[in-house]
Every structure is written in C-alpha cells, then in structure tokens.
K.L.:
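Provided herewith is a single structure, encoded as structure tokens, for subsequent inquiry.
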2 protein chains.
Amino acid sequence: MDLSERQLQILQAIITDYVENAEPVGSRSIAKKYDLGVSPATIRNEMSDLEEMGYLTHPHTSAGRVPSDKAYRLYVNTLMKKKNLSAMDKRLISDRLSASRDEFDRTIRHAAELLSEITHLASFAMTPATNEETIDFIRLLPVDERTLILMIVGDSGNVTNTTLRLKVPYTQEDLDILSKNMTVQHKGRTLDDVLKSEIIEDVGTDIEALSALRGTVMPSFIRTLEDMLNVNLYMAGMTNIFNLPEYSSIDRARDFMELFTQRDWFTRKMLERANGMVVTIGDENDSMKDCSLITATYHVDGKLVGKIGVIGPTRMKYDEVTSLMEYLTNNLSEAFRLTDGGEDS
Amino acid sequence: MDLSERQLQILQAIITDYVENAEPVGSRSIAKKYDLGVSPATIRNEMSDLEEMGYLTHPHTSAGRVPSDKAYRLYVNTLMKKKNLSAMDKRLISDRLSASRDEFDRTIRHAAELLSEITHLASFAMTPATNEETIDFIRLLPVDERTLILMIVGDSGNVTNTTLRLKVPYTQEDLDILSKNMTVQHKGRTLDDVLKSEIIEDVGTDIEALSALRGTVMPSFIRTLEDMLNVNLYMAGMTNIFNLPEYSSIDRARDFMELFTQRDWFTRKMLERANGMVVTIGDENDSMKDCSLITATYHVDGKLVGKIGVIGPTRMKYDEVTSLMEYLTNNLSEAFRLTDGGEDS
DNA sequence: ATTAGCACTCTTGCCAAGTGAGTGCTAACA
DNA sequence: TGTTAGCACTCACTTGGCAAGAGTGCTAAT
C-alpha cells in the first residue's frame, strides 16, 4: 500500500508549509503555492486518503490538515534531502570553534550555543562518556599533616581529584606505599570495571596504620571514580522555544522547561541513545511526546564519544537541522584529533 | 511626614492580603478580614492618603489597591517580624544537609534545592569566591612523554588542574625544577594577586629547554588560575515561577527564564552584592525590575564566603524567606567549620 | 473625625451575529 | 475513470452589546 508519486508530492508540500507557518494547511493554498498541476478539489481527495492512512490529522472539520508523527517519520526516512549550509553559518561555526580550540569544555559549550543560535531551538552538548577510559595512575599528595589530595589520572589525560581531611595524621611513607599499591592494582582497568569490583577487595598484607589510611581513602576513591564517569552537560537556547507557537501556552512551556531542570535524568536519557545521527519524533520519545529530538555523536581521539542534540516541536526543519549537526560533529571530531599539539582538560 | 499607627496597620493588612492572593485589595475586604475597628469608608480615606504618599498604586479607577515597591521596602525595614520555621522545615533542612555533609558541592546544591522547595520560588547557591585563597603549591605531574598535568593547590585544599599536551617532549628534571620554581615564586600569594602580576615576569636565569617548557606552561597556568577563581552556581526551582500569576504571560516568563540562561552574567551580578542578608525590591534591581532578590552569605572555615539567594516577584513573603535563609546560612556555616574530621572537595 | 449612602467607573463574563477558511459531496466534464 | 467546479455545511474566531460585580470618591449626616 505505497503512496503514489502525487501523494508524496502533496504530503511533502503540506509538511513544508506546515513547518514554515505552524498553521493547518488547506487544499487551496497548496494548489496556489506549489504548482502540482491539479485543482484544490483533487488535492482534497488525496488529502482525505492520506488522512485515512494516518499521515495527516484534522484539528476540526473546517480546518486544514496537519502532518502526523508518521508523516514526519516518512519525511525523515525517505523524502528529506541533505541541505547545504550557508557560507555564513559555516564561517560562524569555524570562527566560534577555533576561538576555543584548546579548551575542551569550552568548545563543547560553544557547540551547543552554535546549535541553538542557528536552529533557534533548544540544544545541548555533552562531554564524552568515559566508560572506555582506563586508569593510568593514582596519586596521593600531601597538603598538610591531616589534609591530602587524592588524584586519579586516566589514560587520555583526564584528571579528577578530591581533597581529604583525615582524623589522624598520616606519614609520607604510608602515602607513597598506598598510592603505589593502588596504582599497581588498578592501572589499565576501566573505571566501570574498578567500580564494580572494588568494594570487596582489601589487600591483606598491609600494616595497621596503612590499613587505617586505606580505610579512609577508599570511600572517597569510589566517589571520585564516580565523579570521573560523570559527563558534563551544556544546554543552550532553552528560551528559544518561547517564541514557538506550540509553546505559547504556559503549561506547555513549563512542561518543556521542567525537562531540563532534571539534569541528571536528562543526561542519563541522552547517554542511553544510540550513537550516530538519531532522530526520534513525537510518540517515539517515551517522555516529551510532543517534541522531536535529534542527537548526533562526535569523537575524541577516535575513541571517546560525546553527544550533541537539538530539541524542538515535531514541526521542525529536519533537513536543515540534521545537515547542520552532521557538519558540526565532523568539525568537532576533526578538532579533537590528538595528532596536533593542542592541549585540553 | 511619618505614617500614623493606623496607616501602618492598614498598609500591613494590604501587603499581607496582596502577598497572599495576588489581587488588588479593596477597602471592604480589609475591613472584614482584619478588624481594625473602622469602617470601609475610613479605610478608603487612609488608602487614598497612602496612595498619595506613594505606598500604594491603583491599576485602574475601580480596582483595589496594590502595594508599591516603596511599601515593600517599608515593610522589610520596619514592619516585618522574624518568623519561626516549622518543625517540619527544620527537619527537612537538617536531613537534607547532613545526607551530603562531606561533599561540599553537593551540599551547596542541596541548599539551593531546599530554598526553592520551601519557598516555592526560584533560588540559587554559589560555592565560595576564592579571592582570599592563597596558593599552597604548584605541581607538574608527568603522564606520558608529551602529556603532563598542571596542578594548583590552594591553602584551603582547593585543587584545580589542567592537562597539557606538548609539541616537544620534556624531561622529568625540567618538570621538577619548574614546579619548584613556580611554587617558590607564588606560595602564599592570593590568586588575584598572581593573576594581576604574572604575565610580565619571566625569571631570566633558566636554561633554554626549561624556558621553552615554561613558555608552554605559562598560558595554561593563567587560565587554570582563572578557573580556580570561578565559583560554581547551582540553580533550583526555576520552573516554580510558572505557577505564579505575575508570570502567567509568556513574555514575562521568558524574560525571567532568560536571566538564568546567562549564567556568567548572573554569577558576576551576584558576586557584586554585599555580604550578609541583602534584600532588593523591584526598581532597586537594575535589571529584573519587577523581581525581588534576596541574598545571604555563609562561611567556610570562617574565611571564604559563599552566597545563596531567592528570586521571585516583588509580592513575596519577605518575613518567611529571610527567616528561612538566615536559618539555612547558619546551618551551612556550621557544617563547613573545619574543626571536625570531614572531607570536602 | 467617622460613617452611610449613592453615583460613577471599569473589568469580566456572556451571548449573538457575522465572517472566513476549509471541507465533503455531487454532478458535470474530458 | 480520473478530474474539476460548484455549493452546502461546519467550525473557530471576532465584534459589539449587555448585565453583573467590585471598588472607588464624594457628599451629607452623625
């Protein structure tokens, strides 16, 4: 039960028009604007068929038609063509990214900002997940006789640290032994791996003082590892959605904003999504059922994978947004190859 | 030209009523709810006088009166009485804060969340400004032959680090010399102080290789210092304001939300405010002219000072909010005294 | 000085009529 | 058989008018 060529044309015209104007589109205006060589009456008949097949809906009897989620899905899968970015946008992107090339987190933040500036939608960018990261070394550094710093360094240069204040003074010697022990024990293992296994193990050969020190350091070690696994989330353009007619009601706007105040939940959701370009439309999202969400991934050093995304109403310019995101992720991956002498944190 | 006792009573009643119901309050309802022993007509006359003096305004001829910024100011300065917190709120606070006692940043975040949960307004909390922090030591740690970690440690155990990737390999020896040099040069100075003076100085006695290394490290050193000065900002309950009638129009709501998307700007603004409990009402704020803003400060180890704040419409329960914030900052300062054996980052 | 009474003002909610965009159907047409 | 013109019909939206209600401001009486 495929769609005829003419039906596809009409559907495409309706989508284009509706995405532009956010108003139900009628047969007459289609006939006028896009010359398909047929009269409004014919278009009406086709529209009626398209509605029956679930591609269009009808807010009320005497209104025009609105594309359904199914229509957008069809559009994204088969109708949509890749768009070329304007020279202006390209320059904007390269200017902005190169301005912060050597500061990793700032670059990521700029990427999110670029996305929302160009699309006028809400967007986000996340630093790479460090599931793959392995431990390079662990060090305990003295500050004063009761304060010390626990520092974990990953193989890609990722560092996380915690300051510890002990109840009992420690000796420099204990510190050295413990940090060597820990490094030997964990070097080369992924963070996940260590987190899963660590809590039980306690090397029995330690002397008493060392064991006490170890007892204090361990809980912090685990928490610091967890910290290290956390990705940073940057959001931008949240207030853009206030300009869209679909969020002109306060309730809708509130629901939308509330999604983003739950940062932990949101981060988890986004991490769960598959890599590459992923588009989910309306009902395909288990929450935010009247939004569409597009995510794409960039690479750091070919290994770590970070995500960027755009969130808006189902009525969005899928072609432009996906093309932009593809361009942007390519640029990011390019910037984050480690062959040149840049630096990052 | 002071206000009479009765005028104060009436003003207080109007404020109380308006804060509660968000609707212009008329003479009759005042006379009924608060028995001041006078008739509505008398109250009308007094209201008229109060309006002339600028304490009340009139949306239109036949509407009730609304308190002006000047009225709230009078209320906050002289009329307002301290409120006792409910036992429930006290328990909520102590439960929540003690749950994360040993993780500094999490505690701060919880403080912001508590504020917005109890007041139903938007709120924020910032980690302490580190203007006063002095440098304890600087260390350069090797990762691999071209990667190293620059680490700056402050006297209160604050740590910041950056990973550097060099174009040319370095030697362990150079690293040690440079980190010793830097430590000697900067130990005991405040971050601000170093930042202001640093860029010019270049100790001339270095050997060539060391000088090259130094040249690479220095820009990152400055940027890392700047990082260290940055405070973390946690916001909570932003979407609460959607429930308030003053933000029932989309435009108002948008303006409000936009304030908080400019995090850097907002942080700077808040840092500029005086320490202690500060209340600014409506026009007293140079931006957000129809909001009121209350900030208060807490102490860490008696030295560093962090801020918490609540933002809402000028119509807010100043007495309850300020009492809550006082209680909360006391609790925070208490939790962050360093005499016990806790840990923080 | 206070109060009761009354005219006046302004908002809000409601209803009815008119308008316009758009559909769905039928009958004519190529 | 597919296409089109014509027409009746539906529904949302706007406008104007009307009544109700809340509240003020003024005046005259207490």
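Residue numbers start from 1 in every chain, and the chains themselves are labelled A, B, ... in the order their sequence lines are given, proteins ahead of strands.
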K.L.:
If the condition is salt bridge (Lys or Arg N to Asp or Glu O under 4.0 Å), which residues does A/K83 pass it with, not counting sequence neighbours?
P.N.:
A/E320
K.L.:
Check salt bridge (Lys or Arg N to Asp or Glu O under 4.0 Å) between B/D290 and all other residues, then give those that pass, not counting sequence neighbours.
P.N.:
B/R252
K.L.:
Please determine if A/E272 and A/R268 form a salt bridge, counting it only when a charged side-chain N lies under 4.0 Å from a carboxylate O.
P.N.:
no
K.L.:
Verify whether the ring centers belonging to B/Y72 and B/Y318 lie closer than 6.0 Å.
P.N.:
yes
K.L.:
Using the test side-chain hydrogen bond (donor to acceptor under 3.5 Å, both in side chains), find all partners of B/D69 that sit at least two apart in sequence or belong to another chain.
P.N.:
none
K.L.:
Quick one: side-chain hydrogen bond (donor to acceptor under 3.5 Å, both in side chains) partners of A/N243, sequence neighbours excluded?
P.N.:
B/R254
K.L.:
Enumerate donor-acceptor pairs with a distance under 3.5 Å from any side-chain N or O in residues 257-266 of chain A to protein atoms, sequence neighbours excluded.
P.N.:
unit_1	atom_1	unit_2	atom_2	d
A/E258	OE2	B/T239	OG1	3.4
A/T261	OG1	A/E258	O	2.8
A/R263	NH2	A/L233	O	2.6

K.L.:
Give the rounded distance in Å between these two atoms: CD1 of B/I43 and P of D/dC26.
P.N.:
18 Å
K.L.:
Nearest whole angstrom, please: distance from the P of C/dG24 to the CG of A/L50.
P.N.:
12 Å
K.L.:
In this structure, how many angstroms lie between the P atom of C/dG20 and the CZ atom of A/R28, rounded?
P.N.:
13 Å
K.L.:
Specify the residues of residues 13-22 of chain B, ordered by number, for which at least one heavy atom lies under 4.0 angstrom from an atom of DNA chain C.
P.N.:
none
K.L.:
Can you measure B/E23 atom CD to D/dA22 atom C1' for me and round it to whole angstrom units?
P.N.:
11 Å
K.L.:
For A/E51, what residues pass the side-chain hydrogen bond (donor to acceptor under 3.5 Å, both in side chains) criterion, not counting sequence neighbours?
P.N.:
A/R65
K.L.:
Which letter, B, S or -, goes with each nucleotide of nucleotides 1-7 of chain D from 5' to 3', with contact meaning a protein heavy atom under 4.0 Å?
P.N.:
--SBBB-
K.L.:
Name all residues meeting the salt bridge (Lys or Arg N to Asp or Glu O under 4.0 Å) criterion together with A/K289; count only those two or more places apart in sequence or in a different chain, and write none if there are none.
P.N.:
none
K.L.:
Any side-chain hydrogen bond (donor to acceptor under 3.5 Å, both in side chains) pairs touching residues 116-125 of chain A, not counting sequence neighbours?
P.N.:
A/R96-A/E117
K.L.:
Grab the CG-P distance between B/D49 and D/dT24 for me, whole Å please.
P.N.:
14 Å
K.L.:
When the distance from CD1 of B/I30 to P of D/dG23 is rounded to whole Å, what number comes out?
P.N.:
10 Å
K.L.:
Produce a footprint string for nucleotides 7-15 of chain C: one letter per nucleotide, 5' end first; B if the base is under 4.0 Å from any protein heavy atom, S if only the sugar-phosphate is, - if neither.
P.N.:
--BBS----
K.L.:
Figure out the CE/P separation between A/M47 and C/dG22, and round it to whole Å.
P.N.:
9 Å
K.L.:
Closer than 4.0 Å, any side-chain N/O of A/S27 to the OP1 or OP2 of C/dT23?
P.N.:
yes
K.L.:
At less than 4.0 Å, is any side-chain N or O atom of A/R65 found next to OP1 or OP2 of C/dG22? Yes or no.
P.N.:
no
K.L.:
How many whole angstroms separate atom CD of B/E52 from atom P of D/dT24?
P.N.:
16 Å
K.L.:
What pairs of donor and acceptor atoms, side-chain ones from residues 28-36 of chain A against any protein atom, are under 3.5 angstrom apart with sequence neighbours left out?
P.N.:
unit_1	atom_1	unit_2	atom_2	d
A/S29	OG	A/G26	O	3.1
A/K33	NZ	A/D17	OD1	2.8
A/Y34	OH	A/D17	OD1	3.2

